[in-house]
Each structure stands twice: as structure tokens, then as C-alpha cells.
Student: 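Pasting in a structure now, in C-alpha cells, and then I'll have a few things to ask.
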Amino acid sequence: MNNVFIQEIKGVDWKLVSRIGKLEKKNLGSKASINRWVIPVIIRYGKFIVAQKSRDSSDIIGVCELIRSWKDKNTAFIHSFYIDKEYRKKGIGRMLLGKVIDILKNDDFKEIELTVDPGNKTASQLYKDFGFKKIILRKNEYGRGVDRDLMRLKL
Ligand SMILES: CC(C)(COP(=O)(O)OP(=O)(O)OC[C@H]1O[C@@H](n2cnc3c(N)ncnc32)[C@H](O)[C@@H]1OP(=O)(O)O)[C@@H](O)C(=O)NCCC(=O)NCCS
């Protein structure tokens with residue numbers, strides 16, 4: 001996977017939105033995925049960074065969706081982060097997260113927050129490798145019994 005190309009999606013195109021919607025369901029399940037009513041909002045008002053197979057390919061194999069905090073405009077929140085099932089364990093998650101951090105540093109953000117399922121060891125380890133620290137366990141964050149670890153990286 002030497003040619004993986006990472007870029008920000010800047011425009012809303014319904015075919016692309018539909019493709020991302022399917023990728024969301026496939027990789028996060030129908031409960032956690034966002035749909036065509038939300039994807040354009042994040043593209044236009046947040047940040048939507050994707051990994052493609054190559055610069056010339058339109059195949060998206062990784063997604064990172066971000067919003068900016070209202071409480072502190074120097075804080076970005078990673079709403080979703082995933083790599084398509086068939087492309088995991090090849091270093092693409094690491095590559096995408098590294099690029100996301102570079103983009104946010106460049107935009108003068110001072111910290112990044114995200115939440116992760118406490119049982120999700122692969123994702124938690126990846127975040128720790130980049131210096132994210134666990135701040136608190138948010139109990140019942142996404143429903144009864146659906147707890148999340150809040151993690152934060154100071155930039
Ligand atoms: C978490 C996630 C994004 C990681 O993406 P990824 O592309 O598989 O990540 P990487 O390949 O960079 O690294 C992950 C693991 O693969 C290993 N790896 C990387 N390159 C490898 C290679 N060439 N061969 C074997 N293993 C490799 C890494 O060491 C790491 O190992 P670990 O599981 O022991 O920590 C991915 O598993 C995913 O999308 N999961 C579902 C959604 C999710 O949980 N998202 C996070 C929500 S907060």
C-alpha cells in the first residue's frame with residue numbers, strides 16, 4: 001500500500017456521499033455510522049479527511065471526520081476514524097492519523113479529543129502511540145452501558 005493518498009474532501013457530491021454512507025455502515029455498523037444527512041454537514045462545516053488507494057483512485061479506504069469545539073476553538077474532536085475492513089493492519093490507520101495531526105497542527109489547533117470504546121485495544125493503542133492520554137471514562141455516553149474513554153492529545 002505504498003501509493004495511499006490522503007486528502008481533505010472539500011466539496012459535496014452526492015455519489016461520493018453515498019459511497020461514504022455505505023463505507024460507514026460496513027465499518028462502524030448501522031448504529032454508529034452517519035448518513036447522507038450528516039456527511040455533507042461535516043464536509044462543509046467540519047473537516048473530512050480520507051485515505052484513497054492512490055492519488056488517481058476514487059476508492060476511499062479510510063475516513064476521519066472532525067468537528068471543532070464550541071467551548072474552545074483550539075480543540076478539534078475526532079468524531080469518526082476508521083479504515084475499511086479489507087485494508088486494516090497495513091499501517092494505513094497510522095498514516096491517516098499522522099496526517100490528520102499534521103493538518104490540525106498546521107491549522108493552529110492546540111488539542112485533539114476523541115472517544116473510544118474501552119475494549120477497542122487496537123484503536124486505543126494507536127492513539128496512545130501518537131501521545132493521546134486517557135482523561136476520563138464517560139459512562140453511558142452513547143446509550144445505557146455504552147461507555148467511552150475520552151482521550152486527548154496536546155499539540
Ligand atoms: C483502529 C483502526 C482504525 C486501525 O487501523 P489500521 O489501518 O488497521 O491501523 P494500522 O495498520 O496502522 O495499525 C494497527 C495494527 O496493525 C499493525 N500493523 C501495521 N502494519 C502492519 C503490517 N504490515 N503487518 C501486520 N500488522 C501491521 C500495527 O502494529 C497495529 O497493531 P496492533 O493491533 O497490535 O496495535 C482499524 O482497526 C479500524 O478501522 N477499526 C474499526 C473502527 C474503529 O474501531 N475505529 C476507531 C474508533 S475510535
Side-chain angles (χ1 to χ4, degrees), residues 1 4-13 16-17 19-29 31-53 55 60-85 87-88 90-143 146-155:
M1 298 306 299
V4 172
F5 179 66
I6 294 171
Q7 68 168 337
E8 185 185 341
I9 294 186
K10 302 249 174 156
V12 172
D13 155 6
L16 178 71
V17 170
R19 278 212 306 278
I20 293 170
K22 285 183 189 143
L23 209 57
E24 286 269 326
K25 269 198 190 148
K26 177 181 169 193
N27 289 286
L28 302 176
K31 281 190 197 152
S33 61
I34 57 165
N35 59 28
R36 66 194 168 94
W37 295 91
V38 184
I39 295 163
V41 177
I42 299 190
I43 293 174
R44 290 192 195 279
Y45 297 95
K47 226 176 227 321
F48 212 107
I49 300 166
V50 298
Q52 293 167 201
K53 269 192 201 169
R55 187 185 277 268
I60 294 174
I61 54 176
V63 171
C64 180
E65 296 150 17
L66 295 132
I67 58 169
R68 181 169 221 151
S69 165
W70 203 271
K71 280 189 201 151
D72 181 352
K73 65 180 175 53
N74 297 314
T75 300
F77 180 78
I78 296 182
H79 173 267
S80 290
F81 185 86
Y82 60 88
I83 301 300
D84 194 10
K85 282 179 177 159
Y87 296 91
R88 290 181 194 164
K90 296 175 192 295
I92 301 170
R94 204 166 290 272
M95 197 189 298
L96 179 58
L97 187 57
K99 189 69 196 270
V100 165
I101 292 171
D102 286 347
I103 290 171
L104 293 175
K105 273 186 187 161
N106 214 32
D107 283 351
D108 272 342
F109 279 90
K110 299 293 178 245
E111 61 179 28
I112 309 173
E113 289 190 355
L114 56 84
T115 70
V116 60
D117 175 349
N120 189 342
K121 300 297 172 210
T122 304
S124 300
Q125 190 55 51
L126 181 64
Y127 300 138
K128 280 182 198 152
D129 289 351
F130 278 89
F132 280 84
K133 303 262 185 296
K134 181 182 161 177
I135 305 300
I136 197 173
L137 176 72
R138 285 184 171 159
K139 298 281 281 177
N140 305 316
E141 183 73 352
Y142 292 144
V146 189
D147 304 337
R148 305 285 287 184
D149 276 337
L150 171 68
M151 299 188 83
R152 183 179 295 146
L153 175 69
K154 295 278 182 195
L155 298 176

Student: Just verifying a value: how many Å separate Asn27 CG and Ile61 CD1, rounded to the nearest 0.5 Å?
Tutor: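 Atom-to-atom, Asn27:CG and Ile61:CD1 are 11.0 Å apart.
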Student: Let me know which of Glu111, Arg152, Glu113, Lys110 forms a side chain to side chain donor-acceptor pair (under 3.5 Å) with Thr75.
Tutor: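 Considering Glu111, Arg152, Glu113, Lys110, a side chain to side chain donor-acceptor pair (under 3.5 Å) with Thr75 is found only for Glu111.
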Student: Could you report the tightest heavy-atom contact between Ala123 and Val116, atom names first, then the distance?
Tutor: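 So the minimum-distance heavy-atom pair works out to CB-CG2, 3.9 Å.
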Student: Where do Phe77 and Leu114 come nearest, in terms of heavy atoms and distance?
Tutor: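 The pair with the smallest heavy-atom distance is CE1-CA, 3.6 Å.
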Student: Might you work through the side-chain contact (heavy atoms from CB on, under 4.5 Å) test for Asn120 and Thr122, ending with a clear yes or no?
Tutor: CA-CA 6 Å; Asn120 189 342; Thr122 304; 4.2 Å; yes
Student: Would you name the heavy atoms of Arg94 and Asp129 that are closest together and state the gap between them?
Tutor: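 Taking every non-hydrogen atom into account, NH1-OD2, 3.2 Å.
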Student: Among Val100, Ile112, Leu155, find the one that has a side-chain contact (heavy atoms from CB on, under 4.5 Å) with Lys105.
Tutor: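 It is Leu155; the other options fail the test.
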Student: To the closest 0.5 Å, what do you measure between CG (Asp84) and NZ (Lys53)?
Tutor: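 That separation rounds to 9.0 Å.
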Student: Would Leu23 and Lys25 satisfy side-chain contact (heavy atoms from CB on, under 4.5 Å), going step by step from the backbone distance to the final call?
Tutor: CA-CA 6 Å; Leu23 209 57; Lys25 269 198 190 148; over 6 Å; no
Student: If you measure from OH on Tyr127 to NZ on Lys134, what distance do you get to the nearest 0.5 Å?
Tutor: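 One finds 15.0 Å between OH of Tyr127 and NZ of Lys134.
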Student: What is the distance from atom CG of Leu16 to atom CD1 of Ile9, rounded to the nearest 0.5 Å?
Tutor: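 The CG atom of Leu16 sits 4.5 Å away from the CD1 atom of Ile9.
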Student: For Lys26, look at atom NZ and say whether over 12 heavy atoms of other residues, nucleotides or ligands are found less than 6.0 Å away.
Tutor: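 Counting neighbours around NZ of Lys26, more than 12 heavy atoms of other residues, nucleotides or ligands fall under 6.0 Å, so yes.
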Student: Roughly how far, to the nearest 0.5 Å, is the CD1 atom of Ile103 from the CD1 atom of Ile101?
Tutor: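 Taking CD1 in Ile101 and CD1 in Ile103, the distance rounds to 10.5 Å.
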Student: As a quick check of understanding, evaluate side-chain hydrogen bond (donor to acceptor under 3.5 Å, both in side chains) for Glu24 and Ser33, giving each step before the final call.
Tutor: CA-CA 5 Å; Glu24 286 269 326; Ser33 61; 5.0 Å; no
Student: The test is salt bridge (charged side-chain N to carboxylate O under 4.0 Å, His left out); show your working for Arg148 and Asp117 and say whether it passes.
Tutor: CA-CA 5 Å; Arg148 305 285 287 184; Asp117 175 349; 5.4 Å; no
Student: Within this structure, what is the CD-CD1 distance for the pair Glu65 and Ile78, rounded to the nearest 0.5 Å?
Tutor: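 Nearest 0.5 Å value for the CD-CD1 distance: 10.5 Å.
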Student: Looking only at atom types and distance, does a side-chain atom of Lys31 sit under 3.5 Å from a main-chain N or O of Leu28, one as donor and one as acceptor?
Tutor: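 Judged by distance alone, no pair lies under 3.5 Å.
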Student: Would you please test Met151 and Lys128 for side-chain contact (heavy atoms from CB on, under 4.5 Å) and show each step?
Tutor: CA-CA 9 Å; Met151 299 188 83; Lys128 280 182 198 152; 3.9 Å; yes
Student: Tell me, with the steps shown, if Phe132 and Leu126 meet side-chain contact (heavy atoms from CB on, under 4.5 Å).
Tutor: CA-CA 9 Å; Phe132 280 84; Leu126 181 64; over 6 Å; no
Student: How far apart are the closest heavy atoms of Ala51 and Ile92, and which atoms are they?
Tutor: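 Shortest heavy-atom contact: CB-CG2, 4.1 Å.
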Student: Looking at Asp107 and Phe109, would you say the former's side chain and the latter's main chain have a donor-acceptor pair under 3.5 Å?
Tutor: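 No, Asp107 side chain to Phe109 backbone: no donor-acceptor pair under 3.5 Å.
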Student: For the residue pair Ala76 and Leu66, what are the closest heavy atoms and their distance?
Tutor: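 Heavy-atom minimum between the residues: CB-CD2, 4.3 Å.
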Student: Which of these, Leu96, Val63, Ile6, sits in a side-chain contact (heavy atoms from CB on, under 4.5 Å) with Val50?
Tutor: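 Exactly one candidate clears the test, Val63.
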Student: Go through Asp147 and Arg138 one step at a time and tell me if the salt bridge (charged side-chain N to carboxylate O under 4.0 Å, His left out) criterion holds.
Tutor: CA-CA 6 Å; Asp147 304 337; Arg138 285 184 171 159; over 6 Å; no
Student: What is the minimum heavy-atom distance between Lys71 and Ser69, and which atoms define it?
Tutor: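 Distance-wise, the nearest heavy atoms are N-OG, 3.1 Å.
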